[in-house]
Undergrad: 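Pasting a structure below so you can have a look.
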Amino acid sequence: MAKIPSIVILTGAGVSAESGIDTFRSEGGLWEQHRVEDVATPEAFARDPDLVLRFYDMRRAAIQTKQPNAAHEALARLDAEWPGELLIITQNVDDLHERAGGSRLLHMHGTHLTAWCLACDGRPEWREPLIDRPACPQCGAAGQMRPDIVWFGEMPYEMERIYAAVGACDLFVSIGTSGAVYPAAGLVREARARGAMTLELNLEPSQGSYFFHESRHGPATRLVPEWVSEMLGQG
Ligand code: APR
């Protein structure tokens with residue numbers, strides 16, 4: 001019997017754009033509104049923790065008002081129905097994949113809805129602001145919690161598991177990412193070098209389009225349900 005292809009899906013900010021969450025590098029995107037050096041590095045946090053905490057408090061509050069879109073829902077359907085290996089690796093720190101029902105999922109850049117306590121190294125679930133330096137619900141330490149977000153210059157989470165899955169997959173699909181940030185942007189070459197087919201679904205050509213066997217351009221809420229229907233033989 002033919003082997004069921006194993007699939008790895010990498011998602012970026014573009015998959016949540018139609019849910020009303022800003023992307024980073026599009027016109028008027030987050031990194032036009034804020035300087036990375038001011039809000040998304042460990043140095044920025046050491047220099048001006050209030051500025052950084054307010055930035056992430058604003059983001060954390062905003063994403064709780066947003067809803068998953070048709071792209072998240074289609075991926076959750078594939079996740080539920082695909083009989084072979086499947087892993088969704090998201091660079092996004094929102095919880096829209098989970099709220100759509102996604103389960104075979106990992107957040108390589110952290111999440112908005114957990115905090116990181118620097119006293120006990122715990123990752124408690126957290127939905128409130130951090131600006132008032134609340135106590136850690138796990139160890140009680142006051143003012144030791146930071147956003148559980150991977151900042152520039154920090155190592156993304158679960159890289160060993162990511163490389164193992166990418167190295168073993170038959171199909172690597174990248175959705176809604178610009179290919180501007182490593183190591184995520186290098187995964188397509190890793191997958192291709194290991195013999196996988198590679199597909200890009202993005203609004204426009206990305207910095208990494210060249211490395212994909214196939215690129216389809218358009219909004220995720222159209223491209224992703226179409227692709228998932230093809231995969232589930234309902235195309
Ligand atoms: N449908 C599909 N793709 C879209 C849509 C859409 N509706 N809207 C935007 N895109 C595409 C853009 O064309 C762009 O290529 O999504 C991509 C978003 O790129 P970025 O804003 O650079 O976001 P991302 O690639 O996720 O950023 C990577 O950089 O800032 C850091 O840690 C942060 O995880 C983030 C990482």
Side-chain angles (χ1 to χ4, degrees), residues 9-45 52 55-56 58-60 62-63 66-75 88-97 100 105-114 116 146-159 162 172-189 198-212 214-228:
I9 300 161
L10 175 71
T11 68
V15 86
S16 293
E18 293 162 87
S19 293
I21 297 182
D22 288 337
T23 63
F24 295 93
R25 291 171 188 82
S26 55
E27 209 177 310
L30 271 176
W31 296 151
E32 280 193 6
Q33 302 163 33
H34 306 270
R35 287 179 351 122
V36 164
E37 306 84 82
D38 293 342
V39 294
T41 65
E43 295 77 19
F45 188 56
V52 172
F55 172 73
Y56 287 99
M58 184 248 322
R59 301 274 296 159
R60 185 180 310 105
I63 64 155
K66 310 298 183 191
Q67 300 306 324
N69 61 48
H72 298 108
E73 284 152 10
L75 290 175
I88 301 171
I89 300 167
T90 189
Q91 299 170 84
N92 299 344
V93 291
D94 63 56
D95 65 336
L96 299 185
H97 280 302
L105 172 74
L106 73 81
H107 285 265
M108 71 182 292
H109 293 164
T111 74
H112 272 313
L113 299 181
T114 49
W116 178 9
R146 57 161 269 185
D148 186 19
I149 305 285
V150 175
W151 287 326
F152 288 91
E154 296 183 325
M155 181 53 95
Y157 295 156
E158 304 206 59
M159 286 312 296
I162 289 171
F172 177 85
V173 183
S174 173
I175 305 173
T177 184
S178 59
V181 173
Y182 285 77
L187 296 177
V188 58
R189 272 179 273 178
T198 57
L199 169 67
E200 176 181 60
L201 306 176
N202 211 53
L203 190 62
E204 60 211 345
S206 72
Q207 293 179 28
S209 289
Y210 169 80
F211 299 109
F212 289 87
E214 182 188 354
S215 283
R216 302 180 190 174
H217 299 130
T221 54
R222 174 169 62 77
L223 294 183
V224 179
E226 281 174 6
W227 171 68
V228 167

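Computed from a predicted structure; not experimentally measured. Start at 1 and go down the list; that is how both ligands and their atoms are numbered.
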Undergrad: At a non-hydrogen distance cut-off of under 4.0 Å, which region of A220 contacts ligand 1 (side chain, backbone, both, or neither)?
TA: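 A220 to ligand 1: contacts from backbone and side chain alike.
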
Undergrad: Closest non-hydrogen protein atom to atom 18 (C) of ligand 1, residue and atom name please, with distance?
TA: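 Looking only at protein heavy atoms, the one closest to atom 18 (C) of ligand 1 is G176 O, 3.8 Å.
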
Undergrad: Answer yes or no: does an N/O atom from A180 fall short of 3.5 Å to an N/O atom of ligand 1?
TA: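 So ligand 1 has no N or O lying under 3.5 Å from an N or O of A180.
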
Undergrad: Is G218 in contact with ligand 1, taking contact as a heavy-atom separation below 4.0 Å?
TA: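 It does, in that a heavy atom of G218 comes within the 4.0 Å cut-off of ligand 1.
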
Undergrad: Considering non-hydrogen atoms of the protein only, which is the closest contact for atom 15 (O) of ligand 1, and what is the distance?
TA: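 The closest heavy atom on the protein side is N202 ND2, 2.9 Å.
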
Undergrad: Would you mind checking which non-hydrogen protein atom is closest to atom 3 (N) of ligand 1, with the distance to 0.1 Å?
TA: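 For atom 3 (N) of ligand 1, the nearest protein heavy atom is L203 N, 3.1 Å.
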
Undergrad: Write out the residue and atom name of the closest protein heavy atom to atom 24 (P) of ligand 1, then the distance separating them to 0.1 Å.
TA: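 The closest one turns out to be T177 OG1, 3.8 Å.
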
Undergrad: Just need the protein heavy atom nearest to atom 26 (O) of ligand 1, so name the residue and atom and give the distance.
TA: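 Going by distance alone, atom 26 (O) of ligand 1 is nearest to A13 N, 2.8 Å.
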
Undergrad: Does the side chain of Y157 come within less than 4.5 Å of V150's, by heavy atoms?
TA: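 Side chain of V150 against side chain of Y157, heavy atoms only: contact under 4.5 Å found.
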
Undergrad: Counting both backbone and side chain atoms, is some N or O of F24 under 3.5 Å from an N or O of ligand 1?
TA: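 Yes; at least one N/O pair falls below 3.5 Å.
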
Undergrad: Distance to 0.1 Å, residue and atom name: give those for the protein heavy atom nearest to atom 32 (O) of ligand 1.
TA: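 Its nearest protein heavy-atom neighbour is H109 ND1, 3.4 Å.
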
Undergrad: Among all the protein's non-hydrogen atoms, which is closest to atom 30 (O) of ligand 1, and how far away is it?
TA: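 Here the closest protein heavy atom is W31 NE1, 2.8 Å.
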
Undergrad: I'd like to know whether ligand 1 has P219 as a neighbour, heavy-atom separation below 4.0 Å.
TA: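 Within the 4.0 Å threshold, so yes.
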
Undergrad: Regarding S16 and D94, is there a side-chain donor-to-acceptor distance under 3.5 Å anywhere?
TA: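 Per modelled atom types, S16 and D94 side chains form a pair under 3.5 Å.
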
Undergrad: Could you tell me how the ring of F172 sits relative to the ring of F212: parallel (under 30°), tilted (30 to 60°) or perpendicular (over 60°)?
TA: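 Geometry flag for F212 against F172: parallel rings.
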
Undergrad: Looking at CG of D95 and NZ of K66, how far apart are the two atoms once the value is rounded to the nearest 0.5 Å?
TA: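 If we round to the nearest 0.5 Å, D95:CG and K66:NZ are 13.0 Å apart.
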
Undergrad: Nearest 0.5 Å please: distance from the CG atom of N202 over to the NE2 atom of H217.
TA: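 Taking CG in N202 and NE2 in H217, the distance rounds to 6.0 Å.
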
Undergrad: About how many Å separate CD1 of I149 and OG1 of T111, when rounded to the nearest 0.5 Å?
TA: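 The CD1 atom of I149 is 6.5 Å from OG1 of T111, to the nearest 0.5 Å.
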
Undergrad: Around atom 5 (C) of ligand 1, find the nearest protein heavy atom and jot down its residue, atom name and distance.
TA: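 Answer, as residue, atom name and distance: G14 O, 3.5 Å.
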
Undergrad: Can you check which of R25, Q91, E18, E204 brings a heavy atom nearest to atom 27 (O) of ligand 1?
TA: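 Among R25, Q91, E18, E204, the closest heavy atom to atom 27 (O) of ligand 1 belongs to R25.
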
